[in-house]
**Q** 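Here it is, the structure in full.
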Amino acid sequence: MITPVLTSLLALLIAGADEPTRVDGLRIWAGPDKTRAVLDLSGAVEYRLFTLKNPDRVVIDLNHARLERALPQPSSDAAFLTGVRSGRRAESDLRVVFELSQAARPQSFLLAPAAQYGHRLVVDLYPRARRDSASEPVKQVDPGAEREVVVAIDAGHGGEDPGAVGPSGVREKDVVLKIARHLQALLDGRPGMRAVLVRDGDYYIAHKERPAKAREERADLFVSIHADAFPDKRVKGSSVFVLSRGRATSEAARYLADRENQADLVGGVSLSDKDETLAAVLLDLSQSAALEASKTVGAQVLAALARTGPTHQREVGGAPFAVLTAPDIPSILIETAFITNPREEKRLSSADGRRKIATAIMYGIEDYFYRHPPPGTWIAANRVRDSHIVVQGETLSEIAQRHNVSLGRLRAVNQIDGDLLRVGDQIRIPAGG
């Protein structure tokens, strides 16, 4: 016998089953390679996506769904996404239309609830003219030139992924981008060095795509910038990580199994024309060298950070971070501070605090490359072999003559325009004369 209470419960369940999925909002981010649109949903939904021409549009039909509020229009920086409109389809379905200024190649997927987000439908819009990075030509470097050392700087998270959030609401994605930009400016100001940003705006890049961008730039070092988090707000300090050996081994197996990856250059050598045994040996040599270099540069950066604030650990750690999986590029991940610590959150929010962090990272990177310069680089030809402390009455030309180096090289290495020196200044003496 069905009681009145059970009858009421069944009625509620049936009513809930008939309740349409709500579209609670739309968030849009424009990146250099794609525009991402995220529909926030009250639950899972079935949908159909297709494209239309004249004019170009991407259409999404959501089954048994309704719009909770009007969808926002894209901002002027949303690349080729020019407008969004919606309407009823049949009796209970919802149609969302993305209006485009050019044809696009859409990719879509559903995400389950995670952290502060509920169900989401993600639509990535790629311009039709875009070429996949795998088909992009690898940049060529004149072997006779003294090239710059290239550092790829990856600001973690971005777009719909804010990263960790501090007690007062400071978001990791925002502060690490500011640190990355400051670090880029500092490195660009050093002789023989050039920095490129993997992410230079508020958009998300998949983990595996980040080291791929570094490889496109033929980077000598990949640096991923983050801010740490922990439930205990007292925990503080900087950390530096490299890829763990276990993850490195599994990534090597995946890399060799992927024929598209084998066509890539690993340490300047293509694996596509090698037998499996030789390819495995070459990859192991390249990966081992990259890991050892990662540990060395990581130690230099950690030591520099220790001079500006507390460190969370004394040595470079190993972790299975997906962004550190390039087999032929030394790669480090820096946890600059604990954003969940109120004092460190304040430091990350301060322009002066971020400047000190970026400056420490720069000095650590510079120290590493002056000790281990890649062959053929300007630093390899001009690196410091010694230093000289200026005393009363000395001139730069006298110091150059005494150490048997050219005046031009001495000026370039020390970034000195004229001959004015101050007593006590430390002058770097380049190797190679």
Side-chain angles (χ1 to χ4, degrees), residues 138-139 141 146-154 180 183 187 190 192-196 198 210-226 238-252 255 261 264-269 271 280-306 311 313-335 360-384 431:
V138 175
K139 293 183 179 180
V141 178
E146 291 180 1
R147 69 173 181 85
E148 297 170 306
V149 165
V150 179
V151 180
I153 307 169
D154 169 44
L183 178 59
L187 288 171
R190 309 306 291 175
M193 304 190 78
R194 178 172 65 89
V196 294
V198 173
R210 298 179 187 237
K213 288 181 178 292
R215 300 190 79 248
E216 289 173 17
E217 294 288 344
R218 301 298 298 270
D220 298 281
L221 175 66
F222 176 85
V223 180
S224 192
I225 309 292
H226 290 257
S238 305
S239 303
V240 178
F241 293 93
V242 300
L243 189 66
S244 63
R245 280 286 181 183
R247 177 63 184 266
T249 301
S250 62
E251 282 296 322
Y255 199 92
N261 274 334
D264 288 343
L265 294 176
V266 174
V269 179
L271 300 182
V281 171
L282 291 172
L283 178 59
D284 182 66
L285 289 172
S286 178
Q287 189 179 57
S288 296
L291 277 175
E292 289 306 310
S294 300
K295 292 177 183 177
T296 304
V297 67
Q300 293 291 119
V301 170
L302 186 61
L305 286 168
T311 56
Q313 53 185 20
R314 295 182 179 179
E315 297 181 351
V316 175
F321 291 116
V323 294
L324 301 179
T325 53
D328 54 349
I329 303 176
S331 304
I332 61 174
L333 185 145
I334 303 169
E335 297 283 7
I361 296 171
M362 181 273 292
Y363 279 130
I365 292 172
E366 185 181 47
D367 286 347
Y368 167 77
F369 279 117
Y370 269 88
R371 296 183 188 204
H372 310 276
T377 60
W378 184 93
I379 293 179
N382 295 274
R383 67 192 176 101
V384 174

**Q** For F369, which residues count as a side-chain contact (heavy atoms from CB on, under 4.5 Å) partner, sequence neighbours excluded?
**A**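 In terms of side-chain contact (heavy atoms from CB on, under 4.5 Å), with neighbours along the sequence ignored, F369 is linked to V149, V151, M193, D220, L221, I365, P374, I379.
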
**Q** So do F222 and V323 actually touch side chain to side chain, heavy atoms under 4.5 Å?
**A**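 Result yes, sub-4.5 Å side-chain heavy-atom pair found.
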
**Q** Show your working on side chain to side chain contact (heavy atoms under 4.5 Å, CB included) between R371 and Q300 and close with a plain yes or no.
**A** CA-CA 10 Å; R371 296 183 188 204; Q300 293 291 119; 3.9 Å; yes

**Q** For residues R314 and L302, report the shortest heavy-atom separation together with the two atoms involved.
**A**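 Taking R314 first and L302 second, the nearest heavy atoms are O-CD2, 3.5 Å.
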
**Q** With sequence neighbours excluded, tell me which residues meet side-chain contact (heavy atoms from CB on, under 4.5 Å) with A180.
**A**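 For A180, the residues satisfying side-chain contact (heavy atoms from CB on, under 4.5 Å) (neighbours in sequence not counted) are I153, A155, L197.
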
**Q** Mind running salt bridge (charged side-chain N to carboxylate O under 4.0 Å, His left out) on E216 and K213 for me, showing each step along the way?
**A** CA-CA 5 Å; E216 289 173 17; K213 288 181 178 292; 5.3 Å; no

**Q** Can you list the steps and then say if V223 with V301 is a side chain to side chain contact (heavy atoms under 4.5 Å, CB included)?
**A** CA-CA 10 Å; V223 180; V301 170; over 6 Å; no

**Q** Can you list the residues that meet the side-chain hydrogen bond (donor to acceptor under 3.5 Å, both in side chains) rule with D154, with sequence neighbours excluded?
**A**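 Result, side-chain hydrogen bond (donor to acceptor under 3.5 Å, both in side chains) vs D154: R210, S224.
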
**Q** With a 4.5 Å limit on heavy-atom distance, are the side chains of I332 and V316 in contact?
**A**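 In short, these two side chains do not touch, never coming nearer than 4.5 Å.
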
**Q** Applying side-chain contact (heavy atoms from CB on, under 4.5 Å), can you list everything that pairs with A219, at least two apart in sequence or on another chain?
**A**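 If we apply the side-chain contact (heavy atoms from CB on, under 4.5 Å) test to A219, skipping adjacent residues, the hits are V150, A152, A214.
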
**Q** Tell me, please, which residues at least two apart from E148 pass salt bridge (charged side-chain N to carboxylate O under 4.0 Å, His left out).
**A**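 Expected list: R194.
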
**Q** Which heavy atom of A360 sits nearest to which heavy atom of A304, and what is that distance?
**A**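 In terms of heavy atoms, the two residues are closest at O-CB, 3.1 Å.
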
**Q** Restricting to side-chain contact (heavy atoms from CB on, under 4.5 Å), what partner residues turn up for Q313, sequence neighbours left out?
**A**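 Applying side-chain contact (heavy atoms from CB on, under 4.5 Å) to Q313 gives S239, F241.
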
**Q** If you look at every heavy atom in V242 and S331, which pair is closest and at what distance?
**A**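 In this case the closest contact between V242 and S331 is CG1-O, 3.9 Å.
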
**Q** Roughly how far, to the nearest 0.5 Å, is CD1 of I361 from CD1 of I225?
**A**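 Rounded to the nearest 0.5 Å, the CD1-CD1 separation comes out at 4.0 Å.
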
